[in-house]
Every structure is written in C-alpha cells, then in structure tokens.
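In what follows, a single structure is set out as structure tokens and then discussed.
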Amino acid sequence: MATLTFNLSTKNKKIFDEEYFQKEYYQIMPSTQRVLTMSTIDSYPQINNPNILIHMNYITYVFNAKSIENNSIARRSLQMYNRLADKLGTKNILIHMPKSKKEFEYLKFGLQVIYDELISKGKTLQFEIVPWDKELQELFNLRDDPIKAIKRFLNIIIKNSFDKNFNIVFDTAHLHALGLDGNSMCKLIDHYLKYVSYIHLNGNMNSMFTSDKHAIIFSNANKFVNSIDPIVRYCSEHKLVCVMEITQERTKYENYKIFANRYGFRLVNDYSDFSY
C-alpha cells in the first residue's frame with residue numbers, strides 16, 4: 001500500500017527514540033538555513049530507520065566551481081549529512097537538481113562531489129527536480145514541449161550520474177511549474193519509474209513556468225486541483241511513498257484522512273510533530 005506522510009519537526013530530538021519513529025516513513029529537514037554541525041548531529045539518538053528521507057538544507061550549493069575543491073563548504077556540508085544519515089540509520093539523502101543554466105554548467109562538478117561524499121559512502125542520492133529559471137527554460141525549449149524538455153534534461157543527468165545509488169524525486173508542485181498537468185505528470189514519472197521511490201505530493205499556488213509556492217494538493221488554492229486525480233491515483237497504485245510538504249497552508253488531520261481513504265493511501269499517525 002502507498003504511504004502518505006509529512007515533514008517531521010527535528011526540534012524535539014527525543015521523538016526519534018520512540019518506537020513509532022524508528023520504523024515509519026517521513027522526511028526531515030534539519031538545519032534548513034544553517035550549517036549542520038557535529039553538536040547538532042550528536043543531539044540525535046542513534047537509531048536504525050532506513051525509511052527516513054533527509055532533505056538537504058537550502059544553503060548547500062554543489063553545482064558551482066568551488067564545490068569540487070578539497071575542504072569546500074559543499075563537501076563539508078555533505079560530510080555532515082552523511083554522518084547524520086549514519087546516526088539515524090538511513091541511506092536516503094535528498095538534494096535539489098540544478099535550477100539555473102549556470103548551475104547546469106557545473107553538473108559534473110556537483111555530481112562528482114555528491115559521489116565522493118555520499119554515494120561512495122553507501123548513501124542513496126534522492127535527486128529532486130525543481131523549477132527552472134528563465135535561462136534554463138530557454139536552453140531546453142521548455143515552453144515548446146515540457147515533457148520532451150524535461151526528459152532531455154533528466155537523460156543528461158542520468159547519463160552523468162551513478163545508476164546504482166541514484167533515484168529521482170518528482171515534486172508535483174515543481175512539475176506544474178515546469179508546465180505539466182496531472183496526466184502529463186503520470187506519463188513523465190512512468191518513464192522513469194525504476195528510479196522513483198519517494199514523491200513530493202504538493203499543490204502549487206503559482207502559475208506554470210514561474211517559481212512555485214506550495215499548496216495542499218487538494219486545496220482550492222492549488223492551480224492544478226482539477227487535474228490531481230490521475231497523478232494521485234498513479235502514486236497510490238504504484239505504492240509510492242508520498243511526502244506532503246505543508247508550508248503555506250494548514251488543514252485538519254481529518255481532511256488528510258479523508259483524502260488518504262479516497263485514494264487508498266496508508267496515512268501516518270496523527271502526531272503534532274508532523275507538519276500538516
């Protein structure tokens with residue numbers, strides 16, 4: 001059965017010691033806007049939960065000229081996330097794909113750093129596609145044929161990547177920003193299904209071909225709410241782990257329960273440490 005889960009707050013480190021959180025699927029985003037340190041890592045209990053997805057912070061940039069250097073900020077950051085993954089007993093570390101033409105030019109640098117500091121250490125890269133800036137959209141002629149453009153982009157990344165420990169995380173909000181509706185999302189994900197285990201099941205308050213702003217996927221604020229049925233059913237039928245990244249909106253747990261029952265998801269338990 002497919003799983004519907006959320007981000008888990010890392011403020012209360014004791015919760016990771018609870019039996020439920022030593023086996024459940026969920027995503028964490030530690031040190032979102034700060035450098036991850038050994039003191040922070042030491043504050044987590046030693047557990048063994050291979051189902052945790054660790055989302056890299058927003059200040060670690062691997063797709064640039066400096067990242068490849070020994071002892072670069074990017075390398076040190078990835079080393080810290082590798083240690084945190086060992087502490088929690090997971091191999092899954094999520095990093096964003098290039099979002100701009102400039103970052104794309106340093107694709108090989110970034111992938112080499114990721115290989116050196118994570119993949120060679122046995123971790124699995126969960127590589128998330130994100131909205132593109134105008135220059136990257138133009139480089140791949142995104143507006144002419146979004147699926148063709150995204151496939152070309154992903155095929156280049158896969159060709160230069162490391163098949164053994166490489167997965168793709170598709171975010172439905174990001175795919176809408178890249179010009180896809182619910183049916184198109186299914187076609188794209190199905191093409192790369194062997195690389196997929198986690199999905200970010202998010203709505204988008206903004207229009208296509210712009211930066212995204214998360215909404216609850218079944219909310220009326222979601223610009224593609226009328227086309228969610230095929231993609232949600234696809235995720236359920238293929239038994240994927242779907243993380244709902246709730247940031248801009250909130251709703252009652254009961255509404256997620258109704259949604260999960262409608263589409264055949266197993267919903268995580270109602271804990272206040274989950275962001276919903």
Side-chain angles (χ1 to χ4, degrees), residues 7-10 13 16 25-100 102-131 136 153-154 156-171 174 195-198 200 241 243 245:
N7 281 320
L8 180 72
S9 172
T10 61
K13 305 297 192 298
F16 292 92
Y25 287 94
Y26 51 89
Q27 177 174 277
I28 61 171
M29 300 178 67
S31 300
T32 306
Q33 300 291 348
R34 304 187 308 277
V35 176
L36 183 61
T37 64
M38 276 306 303
S39 62
T40 299
I41 295 171
D42 288 341
S43 67
Y44 286 84
Q46 181 72 55
I47 65 171
N48 182 30
N49 184 353
N51 299 323
I52 296 174
L53 177 60
I54 301 176
H55 194 306
M56 182 72 61
N57 64 24
Y58 296 124
I59 61 172
T60 302
Y61 301 102
V62 298
F63 301 106
N64 57 65
K66 292 184 178 181
S67 68
I68 200 72
E69 298 173 0
N70 290 332
N71 206 36
S72 67
I73 294 173
R75 284 189 183 276
R76 295 201 303 273
S77 181
L78 266 59
Q79 289 164 8
M80 290 295 101
Y81 277 92
N82 179 60
R83 292 186 179 187
L84 177 60
D86 287 341
K87 193 76 181 285
L88 298 176
T90 185
K91 297 181 182 299
N92 300 299
I93 300 179
L94 183 149
I95 301 175
H96 284 172
M97 294 182 189
K99 63 181 181 294
S100 66
K102 186 174 182 180
E103 286 189 351
F104 187 73
E105 290 171 352
Y106 289 100
L107 176 66
K108 290 186 178 181
F109 277 21
L111 288 173
Q112 186 61 54
V113 173
I114 291 168
Y115 177 81
D116 293 345
E117 307 300 342
L118 296 179
I119 294 178
S120 69
K121 306 294 193 298
K123 302 305 181 291
T124 298
L125 171 61
Q126 299 285 352
F127 220 13
E128 181 180 5
I129 188 167
V130 295
L136 193 58
F153 174 83
L154 290 176
I156 292 171
I157 287 178
I158 291 170
K159 182 179 179 180
N160 287 280
S161 196
F162 314 96
D163 218 31
K164 184 179 178 182
N165 294 326
F166 171 85
N167 282 336
I168 299 173
V169 177
F170 289 103
D171 184 318
H174 297 168
Y195 296 105
V196 179
S197 53
Y198 292 92
H200 282 170
V241 179
V243 181
E245 298 177 306

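Here, residue 1 is the first one in the sequence, and each next residue gets the next number.
In plain terms, the two heavy atoms of R83 and I41 that are nearest each other are CB-CD1, 4.0 Å. Closest approach of S72 and S67 over heavy atoms only: OG-O, 2.8 Å. Residues N167 and S197 approach most closely at ND2-OG, 3.7 Å, considering heavy atoms. Looking at every heavy atom in both residues, P98 comes nearest to F153 through O-CZ, 3.8 Å.
Within the 4.5 Å cutoff, no side-chain heavy atoms of N49 are placed close to those of L88. Under the 4.5 Å side-chain criterion, counting only non-hydrogen atoms from C-beta, I157 is in contact with M97. Residues L36 and Q79 have side chains not in contact (no heavy-atom distance under 4.5 Å, counting atoms from C-beta outward). I68 places a side-chain heavy atom less than 4.5 Å from the side chain of Q112. Side-chain contact check for I129 versus D171: every heavy-atom pair is 4.5 Å or farther apart. Looking at P30 and I54, their side chains come closer than 4.5 Å, going by heavy atoms from C-beta outward. Using a 4.5 Å cut-off on side-chain heavy atoms (C-beta onward), L53 and I93 make no contact. Contact annotation: the side chain of L118 approaches that of I95 to within less than 4.5 Å [non-hydrogen atoms, C-beta and beyond].
K102 NZ: 12 or fewer foreign heavy atoms inside a 6.0 Å radius. With a 6.0 Å radius and a threshold of 12 heavy atoms from other residues, nucleotides or ligands, L107 has its CG atom above the threshold.
Judged by the 6.0 Å distance and 45° axis criteria, K87 is not positioned over the aromatic ring of Y44.
Aromatic ring centroids of F166 and Y195 lie under 6.0 Å apart. Outside the 6.0 Å centre-distance limit, the rings of Y198 and F170 are not counted as a close aromatic pair.
A donor and an acceptor atom, one from each side chain of K123 and N165, are nowhere located under 3.5 Å apart. Side-chain contact annotation: T40 with S43, donor-acceptor N/O pair under 3.5 Å absent. When only modelled atom types and interatomic distance are considered, Q27 and N7 share a side-chain donor-acceptor pair under 3.5 Å.
One distance of note links CD1 of I73 with CG of L78; it measures 12.5 Å at 0.5 Å rounding. Considering CG of N82 and CD1 of I119, their distance stands at 11.5 Å, rounded to 0.5 Å. The distance from atom OG1 of T90 to atom OH of Y25, rounded to the nearest 0.5 Å, is 10.0 Å. Of the inter-residue distances, the one linking H200 atom NE2 with Q126 atom CD reads 9.0 Å to the nearest 0.5 angstrom. Once rounded to the nearest 0.5 Å, the distance linking CD1 of I28 with OG of S9 reads 10.0 Å.
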(request) I would like to know whether R76 and N71 meet side-chain contact (heavy atoms from CB on, under 4.5 Å); could you show each step before the answer? (result) CA-CA 6 Å; R76 295 201 303 273; N71 206 36; 3.3 Å; yes
(message) side-chain contact (heavy atoms from CB on, under 4.5 Å) for F127 and V169? Distances and angles first, verdict last.
(response) CA-CA 6 Å; F127 220 13; V169 177; over 6 Å; no
(request) Test I47 against I52 for side-chain contact (heavy atoms from CB on, under 4.5 Å), laying out the working first. (result) CA-CA 11 Å; I47 65 171; I52 296 174; 4.1 Å; yes
(message) Run L136 and S100 through side-chain contact (heavy atoms from CB on, under 4.5 Å) and show every step you take.
(response) CA-CA 5 Å; L136 193 58; S100 66; 5.5 Å; no
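Classification of the Y106-F109 ring pair by plane angle, with boundaries at 30° and 60°, yields tilted. By the 30° and 60° cut-offs, the orientation of the rings of F16 relative to Y26 is tilted. In this pair, H96 and H55 present their aromatic rings perpendicular. The plane angle is above 60°, beyond the 30 to 60° band.
Legend: residues meeting ring-ring contact (aromatic ring centres under 6.0 Å, His included) with Y61, ordered by chain and number and at least two apart, are absent. Applying the ring-ring contact (aromatic ring centres under 6.0 Å, His included) criterion to H174, with sequence neighbours excluded, gives H214.
Remark: the backbone N or O of I156 is paired with a side-chain donor or acceptor of N160 at under 3.5 angstrom. Looking at T60, its side chain never comes within 3.5 Å of a backbone N or O of N57 through a donor-acceptor pair. No side-chain donor-acceptor contact under 3.5 Å links R75 to the backbone of V113. With T124 contributing its side chain and N92 its backbone, the two residues share no donor-acceptor pair below 3.5 Å.
One finds no salt bridge joining K121 and D116 here, because no Lys/Arg side-chain nitrogen approaches an Asp/Glu carboxylate oxygen to under 4.0 Å.
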